[in-house]
Amino acid sequence: MKIRLVNNGLFTPVDDIHALQKPPAEGFYWIDADVDDLTVLQPLFTLHELAVEDCLSEEEQRPKIEIHDGHYFIVINSIRFDDEEIFLRALNIFLGRHYIITVTKQKINELRSLKPILLEEQVDRPDRFLYHLVDIVVDNYFQVGDRIEARIESLEEDILVHTKKSHLNEIIGLRSEILWLKKVLGPQKEVIATLNKKDLKLIDDQLQKYFSDIYENAVKIAETFETYRDLMANLREAYQSSLANRANEIMRVFTALTTIFMPLTFITGIYGMNFDYIPGLHTTGGSYILLGIMFFLAAGMLYIFRKKDWL
């Protein structure tokens, strides 16, 4: 657990945990904690037991906001994409008048990237801290969306150039990830809408208006992932169409080869009959003449097929 006094974006470490019960003369306290630290923090800040239970639960929590006496409990999801799988990590936030507590089970990159922004904006209130944190989390969805779009385009090029069976597994896997993420974006969008519209005493009225910009971004993200879902459906159709075209191409080659060898088989069939009098049968070099005729016949048919673009 790391405790910092934040004043105008400057961080001052705090060692005495009991000092957190009283508001500082200037600024606010930021407690960056693990779930195990809640046993100490709960009685210190009188955190609601149900909110603490949600943080400790192993089950995946939906994004939400709960209004309790003296503090709010907010859950939002941070996103990460490693080109194969999308990961969501719950970010639990307790917002009070003179403090903000962030509780995570894994490392959240947005918390590290938040520090220079706090210094640049000279943040001195916990509600402004919350605004910048939610803003960074939502903006990161755009970056992940760009990477997913690039992955879809790359997959489409691979399918058009050379279709593989593994492409179908990639399409199904990525589409299921996008559908799952789309379901999560709905509750998260509602949380941001609440921060934007609802009368919340712990958030300044002037600052609350800025959440409308984050809400618009959240709507754009939801629409973007809706588009990605449609693109994945089109990509699957392209995969199936490519397989059908490839099968047709193979069948066309086999049909052409069968057609070319058909007259050759007819000639060899005649000369395989038990007749005494067959033209060229007893001629010196007759077999070579016959092979030459068969060669030029096959070459001529192959030339005609290529000229007509049948092969």
Side-chain angles (χ1 to χ4, degrees), residues 54 60-66 72-93 95 100 102-114 116-118 121 127-156 170-198 200 203 207-236:
D54 287 341
E60 189 174 289
Q61 298 295 319
R62 283 168 53 93
K64 62 182 178 179
I65 179 170
E66 297 177 352
Y72 302 154
F73 176 59
I74 304 167
V75 180
I76 57 176
N77 284 321
S78 168
I79 188 173
R80 184 169 65 88
F81 180 54
D82 63 357
D83 293 335
E84 292 184 2
E85 190 175 358
I86 298 172
F87 295 96
L88 291 180
R89 294 178 174 177
L91 177 55
N92 305 293
I93 304 169
L95 177 68
I100 186 166
T102 55
V103 183
T104 59
K105 294 180 180 179
Q106 303 96 0
K107 291 183 178 179
I108 303 294
N109 293 331
E110 286 84 347
L111 289 175
R112 291 198 294 267
S113 58
L114 181 64
I117 297 178
L118 298 179
E121 298 294 331
D127 55 350
R128 291 187 62 193
F129 180 102
L130 175 66
Y131 163 75
H132 289 294
L133 177 58
V134 175
D135 188 36
I136 290 178
V137 169
V138 172
D139 284 345
N140 197 33
Y141 277 80
F142 282 111
Q143 299 178 16
V144 172
D146 291 339
R147 295 181 61 189
I148 292 176
E149 185 176 2
R151 180 67 187 126
I152 293 174
E153 292 177 355
S154 175
L155 192 57
E156 183 179 13
E170 293 184 51
I171 293 172
I172 294 175
L174 186 56
R175 184 175 184 273
S176 62
E177 293 285 340
I178 292 174
L179 288 175
W180 168 68
L181 182 59
K182 184 177 177 295
K183 292 180 181 179
V184 176
L185 287 175
Q188 186 142 304
K189 189 170 60 174
E190 293 175 4
V191 170
I192 299 174
T194 302
L195 293 172
N196 174 33
K197 296 180 180 179
K198 192 169 183 179
L200 301 175
I203 298 179
L207 179 64
Q208 199 170 16
K209 297 178 182 178
Y210 287 90
F211 280 102
S212 62
D213 182 62
I214 302 179
Y215 177 74
E216 291 177 3
N217 289 336
V219 172
K220 291 178 182 178
I221 291 170
E223 293 174 349
T224 299
F225 279 92
E226 180 72 27
T227 302
Y228 292 158
R229 187 192 68 170
D230 296 337
L231 288 177
M232 295 308 300
N234 296 337
L235 201 58
R236 185 167 183 175

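Distance check: Ile221 CD1 to Lys189 NZ gives 10.5 Å after rounding to the nearest 0.5 Å. Note: Glu216 CD to Ile192 CD1 = 11.5 Å, rounded to the nearest 0.5 Å. Interatomic distance, Glu226 CD to Ile178 CD1, rounded to the nearest 0.5 Å: 10.5 Å. Atom CG of residue Leu179 and atom CZ of residue Phe225 lie 11.5 Å apart, to the nearest 0.5 angstrom. The line from CG of Leu130 to CD1 of Ile74 is 4.5 Å long, rounded to the nearest 0.5 Å. Here CG of Leu133 is found 12.0 Å from OH of Tyr131. Values are rounded to the nearest 0.5 Å.
Listed for the Arg151 side chain is no donor-acceptor partner under 3.5 Å among the backbone atoms of Leu174. Put simply, the side chain of Arg89 gets close to the backbone of Lys107: a donor and an acceptor are under 3.5 Å apart. Here the side chain of Ser154 pairs no donor or acceptor atom with the backbone of Ala150 at under 3.5 angstrom.
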* Determine, stepwise, if the pair Ile214 / Leu195 fulfils side chain to side chain contact (heavy atoms under 4.5 Å, CB included). => CA-CA 10 Å; Ile214 302 179; Leu195 293 172; over 6 Å; no

* To do: Start with the C-alpha distance between Val75 and Arg62, add both sets of side-chain angles, then the distance that settles side chain to side chain contact (heavy atoms under 4.5 Å, CB included), and finish with yes or no.
  => CA-CA 7 Å; Val75 180; Arg62 283 168 53 93; over 6 Å; no

* To do: Give the C-alpha distance, both sets of side-chain angles, the deciding distance and a yes or no for side chain to side chain contact (heavy atoms under 4.5 Å, CB included) between Leu200 and Asp127.
  => CA-CA 10 Å; Leu200 301 175; Asp127 55 350; over 6 Å; no

* To do: Decide yes or no on side chain to side chain contact (heavy atoms under 4.5 Å, CB included) for Tyr141 and Leu185, but give the supporting numbers first.
  => CA-CA 10 Å; Tyr141 277 80; Leu185 287 175; 3.5 Å; yes

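Side-chain contact between Tyr228 and Lys182 is absent, with no heavy-atom pair separated by less than 4.5 Å. Between Asp54 and Glu66, some side-chain heavy-atom pair lies under the 4.5 Å cut-off. At least one side-chain heavy atom of Trp180 sits less than 4.5 Å from a side-chain heavy atom of Leu88.
The shortest non-hydrogen separation linking Pro63 to Pro187 is O-CB, 3.7 Å. Heavy atoms only, all atoms of each residue included: Gln188 and Asn77 are closest at OE1-N, 2.8 Å. The minimum heavy-atom distance between Glu121 and Arg128, with the atom names listed, is O-NH2, 3.0 Å.
Just one of Thr102, Leu95, Ile93 meets the side-chain contact (heavy atoms from CB on, under 4.5 Å) condition when paired with Phe129; it is Thr102. Partner of Ile79 under the side-chain contact (heavy atoms from CB on, under 4.5 Å) criterion, chosen from Leu181, Val137, Val138: Leu181.
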